[in-house]
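In what follows, a single structure is set out as structure tokens and then discussed.
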There are 2 protein chains.
Amino acid sequence: MAKSGTRSRVAAPTSGRSADTRRLLIGAAVETLKDVGYAGASARAIAERAGSNQGLVFYHFGSVNDLLLAALDEVSTRRMEAYRGVLEHATSVAALAESARAIFVEDLDAGYVRVLIEMITGAQAVPGLGDLVAERLRPWRDLAEDAVRRALGRSAAARLLPPAEAAHALVAGFLGLELLASLDGDRAAALAVFDRARSLARMLDLLGGIRLPAAKEER
Amino acid sequence: MAKSGTRSRVAAPTSGRSADTRRLLIGAAVETLKDVGYAGASARAIAERAGSNQGLVFYHFGSVNDLLLAALDEVSTRRMEAYRGVLEHATSVAALAESARAIFVEDLDAGYVRVLIEMITGAQAVPGLGDLVAERLRPWRDLAEDAVRRALGRSAAARLLPPAEAAHALVAGFLGLELLASLDGDRAAALAVFDRARSLARMLDLLGGIRLPAAKEER
DNA sequence: GTCTATACTTGGATAGAC
DNA sequence: GTCTATCCAAGTATAGAC
């Protein structure tokens with residue numbers, strides 16, 4: 001079953017005809033996931049969109065799920081770079097809320113979160129898939145945690161809201177808002193939430209301006 | 001296509017052998033959605049779980065998607081009753097947070113949110129399905145909005161946080177937390193978020209105790 | 001090494017049996 | 001009126017052609 005007669009599971013070449021086909025299929029897989037979801041992302045549907053043969057999915061990736069995971073990886077690394085740059089400059093809660101909003105809008109268009117959600121739900125069907133998707137989600141939780149930590153700094157708010165918890169909530173909120181937005185095609189409600197978060201964040205920044213005198217328990 | 005040669009699309013009988021079979025199939029559909037998701041919820045998989053023939057899905061419901069919608073309805077109305085009772089007594093933000101936590105735990109076991117999420121994502125694949133699922137989601141948003149309104153009352157917080165927006169965020173958060181919890185099978189992170197929300201809510205209740213003097217803009 | 005033609009499996013839907 | 005046997009389309013996977 002795990003008998004990889006091809007090099008597809010190991011090396012992943014970066015140039016040549018094989019690499020071209022792989023890239024083509026990965027791109028088509030991303031688009032297919034966005035358009036028709038995991039349930040509709042068959043080897044045939046993806047290959048047709050890529051303008052190539054469905055057998056190639058199995059030759060290059062071994063299985064449909066492995067191709068979908070590769071698609072998730074591709075889009076994930078691409079978005080991660082973009083976001084890290086934006087979040088690095090968010091040194092207040094209000095700035096974080098502002099950045100989060102920008103990221104959400106960009107993502108809704110790019111469809112990254114959609115791809116992720118489809119993979120999370122699709123993973124229910126296939127036994128081992130859940131862990132593999134969870135693995136790919138972890139960097140995002142870490143990214144969010146760093147951002148929260150940077151935004152809260154050493155302010156009083158950091159005591160009330162541990163970054164790890166805030167990050168979990170933030171990621172969950174992202175997923176949920178995207179889910180709702182994709183359902184009714186209406187992003188206004190989600191944006192209103194972000195705007196509200198920003199104005200509340202401004203208040204929080206003012207309150208947080210009162211730095212605590214670095215109590216001993218800080219270790 | 002919409003040619004319903006049977007009574008299945010209209011009346012929905014409540015007793016008799018037909019009703020029994022319907023109930024059996026609906027129950028099996030719920031379990032199947034929870035276990036293997038939309039992608040795995042085929043007529044055959046559902047019928048096998050129900051111990052009956054896959055053809056009955058089409059006889060009684062017309063299509064697999066219609067059966068799944070019926071399953072969503074069934075579980076939705078059942079949960080709605082339970083929750084309405086709990087939320088009615090939440091007249092402070094802290095109480096709301098407490099209730100939300102209880103509901104989340106109960107739901108994670110019952111699997112209702114899971115069913116809903118599967119239908120939302122599955123709807124991507126089928127053209128008209130999205131609207132039908134959205135229709136079934138609306139009562140929940142309304143329920144959340146009422147709960148928020150009741151919890152905030154006429155306090156200062158109600159000015160800062162419009163109930164409709166808060167409800168949207170609340171529903172999104174629920175969906176997102178469930179999504180994450182179902183991925184790694186770990187509910188601890190989600191519960192920590194709810195606990196944190198509760199302790200923050202207590203603070204908010206104290207602040208909100210300061211009632212505003214019913215300004216004119218209140219209409 | 002890369003890709004296509006073909007084999008086999010599962011799924012949706014219905015014609016016809018009871 | 002209720003259910004089952006059967007049909008055809010779509011899916012995964014691979015044997016073999018280039």
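Please read all numbers here as calculations on a predicted model, not as lab measurements. So you know, we letter chains A, B, ... as the sequences are listed, proteins then strands, and number each from 1.
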I need the [atom1]-[atom2] distance between [X] and [N], as an integer number of Å.
X	N	atom1	atom2	result
B:Tyr59	C:dA15	OH	C1'	15 Å
B:His60	C:dA13	NE2	C1'	15 Å
A:Ile46	D:dA10	CD1	P	17 Å
B:Phe58	D:dT2	CZ	P	18 Å
A:Phe61	C:dC3	CZ	C1'	14 Å
B:Asn65	C:dA13	CG	P	8 Å
A:Leu67	D:dG11	CG	C1'	15 Å
A:Arg44	C:dA7	CZ	P	13 Å

As an exercise, state the distance from [atom1] of [X] to [atom2] of [Y], rounded to the nearest 0.5 Å.
X	Y	atom1	atom2	answer
B:Leu170	B:Leu143	CG	CG	10.0 Å
A:Thr21	A:Phe61	OG1	CZ	9.0 Å
A:Arg101	A:Asp195	CZ	CG	4.0 Å

Requested in this report: Determine whether B:Leu180 and B:Asp186 make a side-chain contact, defined as any pair of heavy atoms from C-beta on separated by less than 4.5 Å.
Outcome: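 Not in contact.
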Requested in this report: Assign A:Val64 to base, sugar-phosphate, or nothing according to its heavy-atom contacts below 4.0 angstrom with the strands shown.
Outcome: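 Sugar-phosphate, backbone atoms only, no base.
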**Report entry** With A:Arg78 via salt bridge (Lys or Arg N to Asp or Glu O under 4.0 Å) - residues at least two apart
**Finding:**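 Partners of A:Arg78 by the salt bridge (Lys or Arg N to Asp or Glu O under 4.0 Å) criterion, ordered by chain and then number, come out as A:Glu74.
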Query raised in the report: Any salt bridge between A:Lys34 and A:Glu31, counting N to O under 4.0 Å?
Result: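 A:Glu31 and A:Lys34: salt-bridged.
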Cut-off 3.5 Å, side chains only: do [X] and [Y] have a donor facing an acceptor?
X	Y	value
A:Gln124	B:Ser182	yes
A:Tyr59	A:Asn53	no
A:Ser76	A:Arg136	no

DNA chain D contacts among [range], heavy-atom distance under 4.0 Å:
range	result
residues 47-56 of chain A	A:Gln54, A:Gly55
residues 115-125 of chain B	none
residues 25-42 of chain A	A:Ser42

Report task. Sequence neighbours left out, what pairs pass ring-ring contact (aromatic ring centres under 6.0 Å, His included) with at least one residue falling in residues 71-93 of chain B? Result ->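 Residue pairs passing ring-ring contact (aromatic ring centres under 6.0 Å, His included), neighbours aside: B:Tyr83-B:Trp140.
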**Report entry** C:dG1 base / A:Arg17 side chain donor-acceptor hit below 3.5 Å
**Finding:**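 Under the 3.5 Å cut-off, the side chain and the base do not form any donor-acceptor pair.
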Query raised in the report: Taking only residues two or more places apart in sequence or in another chain, which ones pass side chain to side chain contact (heavy atoms under 4.5 Å, CB included) with B:Ala158?
Result: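 If we apply the side chain to side chain contact (heavy atoms under 4.5 Å, CB included) test to B:Ala158, skipping adjacent residues, the hits are B:Leu152.
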Query - Any A:Thr21 side-chain N or O less than 4.0 Å from OP1/OP2 of C:dC3 - result: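 Yes, such a contact exists.
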